[in-house]
2 protein chains.
Amino acid sequence: MTGASVQEGKNSSHSQPDLPAQSLPAHPGECGGISEVLARVGDKWSVLVVMMLRDEPRRFNALKRSIDGISQHMLTLTLRGLERDGLVTRTVFPTTPPRVDYALTPLGHSLRGPVEALGRWAMENQPAIRAARQAYDGHLEP
Amino acid sequence: MTGASVQEGKNSSHSQPDLPAQSLPAHPGECGGISEVLARVGDKWSVLVVMMLRDEPRRFNALKRSIDGISQHMLTLTLRGLERDGLVTRTVFPTTPPRVDYALTPLGHSLRGPVEALGRWAMENQPAIRAARQAYDGHLEP
DNA sequence: CAGTATCCAGAGGGATACTG
DNA sequence: CAGTATCCCTCTGGATACTG
């Protein structure tokens with residue numbers, strides 16, 4: 001260990017900017033708030049962050065560099081969201097310069113199964129989808 | 001059968017409004033266009049439509065009524081997207097009044113597996129997530 | 001019935017600059 | 001290093017009205 005690690009997963013010192021609260025417009029046609037969870041998974045970065053944490057904890061900038069295309073703003077928001085949902089933990093090492101590790105919780109790890117299944121489906125069927133799109137588009141505007 | 005069914009899955013008579021093309025901002029940090037597929041699954045309605053079609057084909061208004069909360073605009077866009085990606089077929093019965101059935105393609109059915117796995121995960125862990133959120137929020141603004 | 005067209009509000013998300 | 005704060009713009013998606 002490097003120093004005293006502060007394990008919290010809750011709050012440390014940062015007052016939250018706003019946390020948009022996701023504004024679920026209440027469409028209880030289905031079961032419960034499945035859409036709530038789907039919104040997490042479906043957003044642009046959450047899944048990639050989870051996948052980046054699958055093997056080992058990572059530091060903020062390590063995540064930022066490995067994801068490529070994400071802004072620090074979005075990485076922060078995504079990590080906050082995942083932390084709030086209990087999917088990742090945030091561990092602060094009070095060193096200089098400061099170091100913060102993010103890691104998957106058991107809940108976060110349990111999400112890997114379904115997500116990876118979806119990822120495999122995506123990879124396997126991506127050619128078919130691309131072909132379907134080209135066919136569809138081609139017949140519309142030749 | 002009611003009349004002559006026109007099976008196309010491509011185009012019938014409607015010129016597409018625009019089809020936003022999703023604007024994928026090219027972040028090839030991961031594998032291929034997994035995010036493309038994730039965007040389909042992650043949007044607000046696609047998954048629910050797929051689930052509604054899991055057992056049998058459905059007509060436009062049947063879908064609209066059963067999903068509860070979706071606007072005809074969004075239902076149209078969602079169905080167009082799914083059709084374009086080769087996940088659903090659009091079958092027009094030239095009767096009066098017109099009748100249009102939507103059904104899952106084999107590709108669409110193959111998506112059910114991963115999606116339902118995710119749905120199960122969501123239902124099983126929704127209590128944990130809600131609890132985590134309350135804990136997180138509670139410690140921020142008491 | 002099954003759409004299409006138009007308008008519009010708000011959330012998502014990128015770029016940049018600043019801070020402890 | 002690890003954020004926070006602002007600005008701003010695009011895309012999503014809801015409401016409404018009209019059509020074959």
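Order of the sequence lines sets the chain letters (A, B, ...), proteins ahead of strands, with each chain counted from 1.
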Inset, instruction - Check whether any side-chain nitrogen or oxygen of A:Tyr102 sits under 4.0 Å from OP1 or OP2 of D:dC1, and answer yes or no. - result: no
Legend entry - Rounded distance in Å - CZ (B:Arg58) to C1' (C:dA2): 17 Å
Inset, instruction - Only stems of 3 or more consecutive Watson-Crick or G-U pairs count here, both distances under 3.5 Å; name the ones for DNA chain D, or none. - result: C:1-20 with D:1-20
Inset, instruction - First locate atom CE of B:Met52, then atom CZ of B:Arg65, and finally report the distance between them rounded to the nearest 0.5 Å. - result: 12.0 Å
Inset, instruction - Check whether any side-chain nitrogen or oxygen of B:Arg90 sits under 4.0 Å from OP1 or OP2 of C:dA2, and answer yes or no. - result: no
Inset, instruction - Would you mind reading off the distance between A:Arg80 atom CZ and D:dA5 atom C1', rounded to a whole angstrom? - result: 14 Å
Inset, instruction - Round to the nearest Å and state the distance from A:Leu75 atom CG to C:dG12 atom C1'. - result: 16 Å
Legend entry - B:Arg58 bridged to B:Asp101 by N-O distance under 4.0 Å: no
Inset, instruction - Could you pick out which residue, A:Pro98 or B:Thr76, lies toward the 5' side of DNA chain C when each is mapped onto its nearest nucleotide? - result: B:Thr76
Legend entry - Closest nucleotide among C:dC1, D:dA2, C:dG3 to the B:Asn61 side chain: C:dC1
Inset, instruction - Calculate, to the nearest 0.5 Å, the distance between atoms CG and OG1 belonging to A:Leu82 and A:Thr89 respectively. - result: 11.0 Å
Show me, pair by pair, the donor-acceptor contacts under 3.5 angstrom made by side chains of residues 103-112 of chain A, not counting sequence neighbours?
| unit_1 | atom_1 | unit_2 | atom_2 | d |
| --- | --- | --- | --- | --- |
| A:Thr105 | OG1 | A:Gly86 | O | 2.7 |
| A:Thr105 | OG1 | A:Leu87 | O | 3.2 |
| A:Thr105 | OG1 | A:Leu107 | N | 3.3 |
| A:Thr105 | OG1 | A:Gly108 | N | 3.0 |
| A:His109 | ND1 | A:Arg112 | NH1 | 3.4 |
| A:Ser110 | OG | A:Leu107 | O | 2.6 |
| A:Ser110 | OG | B:Trp121 | NE1 | 2.9 |
| A:Arg112 | NE | A:Glu116 | OE2 | 3.0 |
| A:Arg112 | NH2 | A:Glu116 | OE2 | 3.4 |

Inset, instruction - Give the minimum heavy-atom separation between B:Phe60 and B:Gln72, together with the two atoms involved. - result: CZ-O, 3.9 Å
Legend entry - Nearest-Å distance for atom pair CG/C1', residues B:Leu77 and D:dA15: 14 Å
Legend entry - Length of the CZ-P vector between A:Arg40 and C:dG12, whole Å: 10 Å
Inset, instruction - Kindly say if B:Arg59 contacts the phosphate of C:dC1, meaning a side-chain N or O under 4.0 Å from OP1 or OP2. - result: no
Inset, instruction - Can you tell me the distance, in whole Å, between the CZ atom of B:Arg65 and the P atom of C:dC1? - result: 7 Å
Legend entry - Any B:Lys44 side-chain N or O less than 4.0 Å from OP1/OP2 of D:dG14: yes
Legend entry - Nucleotide C:dG12, atom P - distance to CG of B:Asp43 in whole Å: 14 Å
Legend entry - Check: A:His73 side chain, D:dA5 base, donor-acceptor under 3.5 Å: no
Inset, instruction - Can you measure from OH (A:Tyr136) to CZ (B:Arg80) and round to the nearest 0.5 angstrom? - result: 5.5 Å
Legend entry - Salt-bridge criterion met for A:Asp43 and A:Arg40 (N-O under 4.0 Å): yes
Legend entry - Nearest to side-chain heavy atoms of B:Trp45, which nucleotide of D:dG13, D:dC1, D:dT16: D:dG13
Inset, instruction - Supply the atom-to-atom distance A:Leu79 CG to A:Leu63 CG, rounded to the nearest 0.5 angstrom. - result: 6.0 Å
Legend entry - Closest to the B:Val100 side chain, choosing from C:dA2, D:dC1, D:dT4: C:dA2
Inset, instruction - Take atom NZ of A:Lys64 and atom C1' of C:dA15, then tell me their distance rounded to the nearest Å. - result: 11 Å
Inset, instruction - Could you check which of C:dC1, D:dA2, D:dT4 has an atom nearest any side-chain atom of B:Pro97? - result: C:dC1
